[in-house]
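All remarks here apply to the structure that follows.
Computed from a predicted model, the values in this text were never measured in an experiment. Indexing begins at 1, ligand by ligand and atom by atom, following the structure's order.
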Amino acid sequence: MSAILSEISAALQSGKAKTVKELVPQALEAGVSAKDILERGLLAGMDIVAVKFKNNEVYVPEVLIAARAMNAGTELLKPHLAESGAKPLGKALLGTVKGDLHDIGKNLVRMMLEGKGIEVIDLGVDVPPERFLEAYHAEKPDIIALSALLTTTMGEMKTTVDAFVEADERDNVVIMVGGAPISEVFCESIGADIYAADAASAAEAAKQVLLEKKGA
Ligand code: B1M
């Protein structure tokens, strides 16, 4: 890996958004492709942060700061990536279910998904099933990602899955669920496809689904 890509990865891991903003244009000027800067610099750094987060070696604040540095870098790359034809790996529709206002975990899931090169449409919190369906029809995502933090709102995940069944769209989309009260058993019981225990696992599972879909 070229030295500047290692520097970008290291700056991202330490959450140094300002350094990332300086290094990305330098790398572009030096002739490194936007795709390499994204994949071998920014995403490589975010992958390391994701593993450390999963292993409790870093915590929420560090992840949020690293994600901010990631966003600073990807913002600078966006026009170049469009030019070089690099496409997102796929698209996910994300939201915290109806009645639930917790969004910290959901936001981490969004950042981790974006860190894997997945486009995320974030519907926010307190999202009713009909809003998921409406956005599904408008955006045609590959994955619907549902978060719930309350035992009283877990049931909304089933209502959302059922809404896709009723709309005859269930077989056209992968539904992933997660959040503190959610389990593999619950996931199966409501007819969802994937349970992810944390944001890093959610992003890894989503990436696998999209790679399989592309036949990679
Ligand atoms: Co609330 N709250 N809260 N709360 N709150 C909990 C969840 C609770 C466990 C606290 C407790 O009593 N010990 C409890 C739920 C009990 C239960 O249902 N069994 C609770 C309650 C009761 C409530 C209220 C009802 C309190 C009240 O008003 N009486 C109320 C409900 C409001 C509502 O939603 N309608 C309420 C309100 C709030 C605040 C607004 C004050 C605030 C939310 C602020 C915000 O999100 N912007 C809040 C907070 C902060 C918490 C705790 C303390 C922390 C949650 C958090 O953000 N954790 C929480 C206690 C706790 O969890 N220890 C609690 C950090 C975050 C990184 O973790 O969200 O679990 P988490 O996300 C994880 C994984 O779950 C996973 O990935 C993340 C980590 O990588 N994950 C996914 C999450 N979504 C995923 C989706 C995926 C995959 C993985 O795929 C799609």
Full working for side-chain hydrogen bond (donor to acceptor under 3.5 Å, both in side chains) between Thr160 and Glu156
CA-CA 6 Å; Thr160 306; Glu156 285 300 329; 5.1 Å; no

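For ligand 1, the 4.0 Å heavy-atom shell takes in Phe53, Gly99, Asp100, Leu101, His102, Asp103, Ile104, Gly105, Leu108, Val109, Ala145, Leu146, Ser147, Leu149, Leu150, Thr151, Met176, Val177, Gly178, Gly179, Ala180, Ala196, Ala197, Asp198, Ala199, Ala202, ordered by chain and residue number.
In this structure, CG on Asp47 lies 3.5 Å from NZ on Lys116, to the nearest 0.5 angstrom.
Taking the salt bridge (Lys or Arg N to Asp or Glu O under 4.0 Å) definition, one finds that Glu169 meets it with nothing, sequence neighbours left out. Not counting sequence neighbours, Asp198 has no partner by the salt bridge (Lys or Arg N to Asp or Glu O under 4.0 Å) test.
Counting side-chain heavy-atom gaps under 4.5 Å among Ile, Leu, Val, Met, Phe, Trp and Tyr, the cluster of Leu101 also holds Val125.
Using modelled atom types and a 3.5 Å distance limit, the side chains of Glu212 and Gln208 yield no donor-acceptor pair.
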